[in-house]
Amino acid sequence: MELMEVHIDYNDLHSLKPKCLTTRKVLFQVCTSERVTMELADRTIGLLLTVTSLSIFTYYTFWVIILPLVDTDHFVHKYFLPQEYAILIPVFVGMALICLLSMFTGYVMLQSKKKKA
């Protein structure tokens with residue numbers, strides 16, 4: 001594990017950037033291997049999210065746009081739900097998302113009131 005020395009100027013903390021730190025008397029040791037590991041983890045999560053969203057988008061697009069043009073007795077219809085669910089699923093997911101965001105906003109507002117009091 002390789003250690004890197006970083007000098008920080010406390011008078012200039014608001015303008016700190018990871019690669020251009022000013023020098024002063026305070027010395028910090030930053031482990032560079034942990035930073036590389038976190039970047040790799042972030043990239044992996046980003047890749048998984050991208051692949052998942054593209055897969056859902058492709059499936060839904062094929063289901064809603066292309067499948068109605070295919071004959072109903074074609075074998076590809078057995079891999080998809082009925083067309084009614086193409087509207088119901090996004091509506092329920094959207095309602096659940098709005099409810100969760102509203103609950104989170106209410107929780108944050110209650111917490112901020114407790115801190116002020």
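These numbers were taken from a predicted model, which means no experiment stands behind them. Computed from heavy atoms alone, side chains included, the values below leave out hydrogens, waters and symmetry copies.
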Hydrophobic cluster membership, Val64 vs Ile56, 4.5 Å side-chain cutoff: no
Spatial distance of atom CD1 (Ile45) from atom OG1 (Thr50) [nearest 0.5 Å]: 11.5 Å
In one Ile/Leu/Val/Met/Phe/Trp/Tyr side-chain cluster, 4.5 Å: Leu54, Tyr60: no
So, do Met103 and Tyr107 sit near enough that their side-chain heavy atoms are less than 4.5 Å apart? no
Is Val91 linked to Phe57 within one hydrophobic cluster, defined over Ile, Leu, Val, Met, Phe, Trp and Tyr using a side-chain heavy-atom separation of less than 4.5 Å? no
Please output the side-chain donor-acceptor pairs of residues 80-87 that fall under 3.5 Å, not counting sequence neighbours, one pair per line with the distance.
unit_1: Gln83; atom_1: NE2; unit_2: Trp63; atom_2: O; d: 3.1

ILVMFWY network linking Leu88 to Met95, side-chain heavy atoms under 4.5 angstrom: yes
Donor-acceptor contact below 3.5 Å, side chain Thr61 vs main chain Thr58: no
ILVMFWY cluster, Leu101 and Phe92 together (side-chain gap under 4.5 Å): no
Co-members of the apolar cluster containing Leu47 [side chain, <4.5 Å]: Val51
Checking His74 side chain against Leu67 main chain: does a donor-acceptor pair fall under 3.5 Å? no
Below 4.5 Å, heavy atoms only, C-beta onward: do Val76 and Phe62 meet side chain to side chain? yes
